[in-house]
Amino acid sequence: MRARSAIVLVLAFAAALAWAQPDLRRWLPLARDGLHDPASPATRQLQEPREALSLLAPDTAGNQVRWVESLERGQIAPRSTIDPGTQVRVLDDEILLNLHGGTPIVRFPHRAHTLWLDCSNCHEEIFRSKAGANRLDMRKILQGEQCGVCHGAVAFPLTECGRCHSVPRARTGQGQAAARGATPAAPGAPGP
Ligand code: HEC
Ligand code: HEC
Ligand code: HEC
């Protein structure tokens, strides 16, 4: 009996810990980020990153925000155009890349990209808009080409292998539904 209540206590404690998980994210204050002039009075007028970013979906990499999740949860609503005549195009498909490699398959979601970017940001300069028409190469990506033009610069860093290589090989045949279900959650990120 005593062992049982001890287990219950331990479980309750673990649950409380999980519930009260502290936000361990840290952002440098503007005056110390090496970009803003600490002597300028204008720097003090700006919102501190911590104030804004701590409210968004947490990540453990890059600038510690899951941007696509924050957008889809409605935590942010970025303005998509400046010029009212601009046509906004969102493409809702997913392309599986690297079908013959040794690492898990790379899932490229057009939607998560076209929510922020225009087609012309990628086509036809970085990528030709034809399946299989690009010689994708991890070495080039690591050197800042192809996906690496943005990933590691303005989007989540290349150390997050599993976010691109997200589809286990055994599930290739199951198509896009499998691809979608296979996106790994970041450790520490809350469930959907
Ligand atoms: C931004 C997305 C992205 C990230 C992050 C990324 N990769 Fe890749 N990776 C790709 C793409 C795209 C290819 C090219 C697919 C092809 O060859 O057709 C690739 C190809 C590869 C290949 C060669 C093909 C294979 O499966 O054998 C290896 C190995 C590889 N990546 C390893 C890694 C490792 C290790 C990491 C983490 C350090 C990583 N990648 C992170 C997108 C990514
Ligand atoms: C972030 C970069 C990026 C953006 C933005 C982007 N694409 Fe793509 N697109 C790709 C990549 C990568 C491929 C895969 C090419 C390959 O397989 O070699 C691709 C493939 C395609 C293809 C051929 C495969 C298919 O699905 O039929 C078409 C068509 C296409 N894109 C249209 C568009 C349109 C239209 C937009 C804007 C609404 C757009 N893309 C925005 C990166 C992008
Ligand atoms: C022109 C810039 C650009 C290029 C090129 C680019 N991406 Fe991205 N990608 C982004 C941005 C911006 C985001 C959203 C911010 C983030 O998640 O960090 C994103 C997000 C993603 C996501 C996360 C989607 C989600 O639901 O969280 C994946 C996966 C991804 N990219 C894969 C790729 C792969 C694979 C390539 C190359 C074939 C690529 N990206 C090329 C800009 C780019």
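All residue numbers in this chain count up from 1 along the given sequence. Ligands are counted one by one from 1 in listed order, and the atoms in each one are counted from 1 as well.
- Considering only non-hydrogen atoms, atom 36 (C) of ligand 3 lies nearest to Cys147 out of Cys147, Ala61, Gly62, Ser70.
- The single protein non-hydrogen atom nearest to atom 25 (C) of ligand 1 is Gly102 N, 3.3 Å, given as residue, atom name and distance.
- In terms of N/O distances under 3.5 Å, ligand 2 is approached by Asn134.
- At the shortest separation from atom 14 (C) of ligand 1 among protein heavy atoms lies Leu136 CB, 3.6 Å.
- Excluding waters, the count of protein N/O/S atoms less than 2.8 Å from atom 8 (Fe) of ligand 1 comes to 2.
- Both the backbone and the side chain of Ala155 come within 4.0 Å of ligand 3, judged by heavy-atom distances.
- Nearest to atom 42 (C) of ligand 2 among the protein's heavy atoms is Phe108 CZ, 3.3 Å.
- Counting protein heavy atoms under 4.0 angstrom from atom 27 (O) of ligand 2 gives zero.
- With waters left out, the protein N, O or S atoms under 2.8 Å from atom 8 (Fe) of ligand 2 add up to 2.
- Under 4.0 Å from ligand 2, the heavy atoms of Leu97 that appear belong solely to its side chain.
- Among the atoms of Asn121, none of the N or O lies under 3.5 angstrom from an N or O of ligand 2.
- Contacts between Val149 and ligand 3, counted as non-hydrogen atom pairs separated by less than 4.0 Å, are absent for every part of the residue.
- At a heavy-atom cutoff of 4.0 Å, ligand 2 is contacted by the backbone of Ala133 but not by its side chain.
- Close to ligand 3: Leu117, with a non-hydrogen atom less than 4.0 angstrom away.
- Atom 17 (O) of ligand 2 has Gly132 N, 2.9 Å as its closest protein atom, hydrogens excluded (heavy atom only).
- Atom numbering of ligand 3 starts at 1 in the shown order; those under 4.0 Å from a heavy atom of Cys150 are 1 (C), 2 (C), 3 (C), 4 (C), 5 (C), 42 (C), 43 (C).
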